[in-house]
Amino acid sequence: MDKILVHGGVRLEGAVRIGGSKNSALPILAATLLTKGKCVIDRVPDLSDIHYMLTILGRLGCEVERASGVVQIRAEKILTEAPYEIVRKMRASVCVLGPLLGREKAAKVSLPGGCVIGDRPIDLHLKGFEALGATVMVKGGDILLEAKKLQGARINLRGRHGPTVLGTGNIMMASVLAEGTTDIEGAAEEPEVIDLANFLIAMGAKISGAGTQHIQIEGVPELHGANHTVIPDRIEAGTFLVAGAIAGNRVTVTRTEPKHLGAVITALKNAGFELSHTSDSVTISPNGSRRPLHIETLPYPGFPTDMQAQFCAMLATMDGTSVVTETVFPQRFMHVSELKRMGASIDLNNHRATIHGVERLSGAPVMASDLRASAALVLAALPADGITEINRVYHIDRGYEAIDEKLNALGAHIERVKS
Ligand code: EPZ
């Protein structure tokens, strides 16, 4: 397993180009199962999670071609059973359930395991499939879906931790070819849901309300192939802005969408940083004052859970006491124990971390866990004293394309050690 060595004490300066969104590309690639026509998806990031999804689609019978960031897919004839040995590696594989059910009225996919950020139930997805007329069985660790026909329905997808992003996408994809109209209440409002809806509409689907809590889908007889460019990855952009906050002189993220970063930009301004933006870039620079924060993660447009670990890394050396409350994935604090190995002073109580800022962290061997926690450790190591060795780097490669090379281009000193 590769590891990376982060030499601390660096200052970052310059601009970094943001890639296509992983969390938008994954359901969009799955949505190509809904048509026999050819789809061309541009700005698909080169990540292991994307590789897993393309492998699953290939095993389902799709013709898949990839040339740098462009993926061409044609799902002429497809199988309905996703292979366990790949599905188990990526929970987001569940988003093939919706298109398989929508097109073939059948699907067999292994139940996603939990992961380090907590239990990852899909009860809301299954509730939606049943409402559309599917029978749902769980047998031998697999989810089996079957339907004679799919009939539009009114479905509330709000769970105890708020809406479900992939669940909203799955029900949209299962209902675009159903008979009649489907009303999704309590839908997720994330930009990735809007991007998926825009791709489905380009394929001929009739969808309105994406980006609000009420999405309406009017079933159509079939969909055709389409071309689509994936939106920029707002979490990659936010991660590099936090790198600028932690170790920057002045860092700019380009080819991004500032309006997707509202809550992150507001939080960084409240922490005392100077932020400015153009139509497709955001720049952060220190302006002397730095303030502790009270942050609560919420569904979009609230502060994103996928930015929580990165902010903990920043607040670890922020004067004063900060409080970070995680309401989406309450156990998502794997990064705290590793940050404490680097000298951070953090008290964890259930879903709340109280962070007492210290002068400086010191490098140490640490363990990556989930992809955002791993990115947080890289950020924390940038200004730290000494060298930080981060093991199990494959976690980072799942969600960040060449993060070490991009940070080195900004002035970091990161070595990747092949195992
Ligand atoms: C998506 O996961 C993202 N992944 C996650 O990003 C992100 O953290 C999450 O949305 C929240 O924004 C992808 O898009 C591939 P949810 P998803 O269903 O859709 C509960 C990353 O770092 N829930 O919105 O799986 C669930 O347990 C990843 O890139 C149910 O109770 O998340 C959680 O508490 C990590 N029942 C909350 O809802 C369900 O049926 C939100 O989960 C589904 C979810």
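Owing to the predicted nature of the structure, the values given are computational and were not obtained by experimental measurement. Whatever order the structure lists them in is the order used to number ligands and atoms, beginning at 1.
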**Student:** Going by the order shown, which atoms of ligand 1 are within less than 4.0 Å of some heavy atom of Arg91?
**Tutor:** 25 (O)
**Student:** Return the residue, atom name and 0.1 Å-rounded distance of the protein heavy atom closest to atom 3 (C) of ligand 1.
**Tutor:** Asn23 ND2, 3.7 Å
**Student:** Any N/O of Leu166 closer than 3.5 Å to an N/O of ligand 1?
**Tutor:** yes
**Student:** Can you name the residues that form a ring pair (Phe, Tyr, Trp, His ring centres under 6.0 Å) with His51, not counting sequence neighbours?
**Tutor:** none
**Student:** Need the ligand 1 atom indices (1-based, order shown) with element for anything under 4.0 Å from a heavy-atom of His125.
**Tutor:** 40 (O)
**Student:** Under 4.0 Å, heavy atoms only, figure out whether ligand 1 is touched by the backbone of Arg160, its side chain, both or neither.
**Tutor:** neither
**Student:** What residues form a side-chain hydrogen bond (donor to acceptor under 3.5 Å, both in side chains) with Arg290, not counting sequence neighbours?
**Tutor:** none
**Student:** Any idea which part of Thr164 is under 4.0 Å from ligand 1, heavy-atom wise: side chain, backbone, both or neither?
**Tutor:** both
**Student:** Given that the side chain starts at C-beta and the backbone is N, CA, C, O, which of these parts of Val328 lies under 4.0 Å from ligand 1, counting heavy atoms, or is it both or neither?
**Tutor:** both
**Student:** Thinking salt bridges, do Arg392 and Asp370 make one under a 4.0 Å N-O criterion?
**Tutor:** no
**Student:** In ligand 1, which numbered atoms sit nearer than 4.0 Å to a non-hydrogen atom of Pro163?
**Tutor:** 24 (O), 41 (C)
**Student:** Which of the numbered atoms in ligand 1 are under 4.0 angstrom from any heavy atom belonging to Ile122?
**Tutor:** 39 (C), 40 (O)
**Student:** Quick one: which ligand 1 atoms are inside 4.0 Å of a heavy atom on His161?
**Tutor:** 34 (O), 37 (C)
**Student:** Between Arg332 and ligand 1, which residue portion shows a heavy-atom distance shorter than 4.0 Å: side chain, backbone, both, or neither?
**Tutor:** side chain
**Student:** Please list, in number order, the atoms of ligand 1 under 4.0 Å from a heavy atom of Lys22.
**Tutor:** 21 (C), 29 (O)
**Student:** How does Pro304 reach ligand 1, if at all, at less than 4.0 Å between non-hydrogen atoms: by side chain, backbone, both, or neither?
**Tutor:** neither
**Student:** Look only at interatomic distance and state if Leu124 has a nitrogen or oxygen under 3.5 Å from any nitrogen or oxygen of ligand 1.
**Tutor:** yes
**Student:** Taking 4.0 angstrom as the limit, do Glu65 and Arg74 come out as a salt bridge?
**Tutor:** no
**Student:** Return the orientation label for the His7 and His413 ring planes: parallel under 30°, perpendicular over 60°, tilted otherwise.
**Tutor:** parallel
**Student:** Check Asp46 with Lys22, please: is the shortest side-chain N to carboxylate O separation under 4.0 Å?
**Tutor:** no
**Student:** Look at atom 9 (C) of ligand 1 and say which protein heavy atom is nearest, naming residue and atom and giving the distance to 0.1 Å.
**Tutor:** Phe329 CE1, 4.0 Å
**Student:** For atom 16 (P) of ligand 1, grab the closest protein heavy atom and report residue, atom and distance to one decimal in Å.
**Tutor:** Val165 N, 3.7 Å
**Student:** With heavy atoms of Asp306 as the reference, note each atom of ligand 1 found under 4.0 Å away.
**Tutor:** 5 (C), 6 (O), 7 (C), 8 (O), 21 (C), 22 (O), 28 (C), 29 (O), 35 (C)
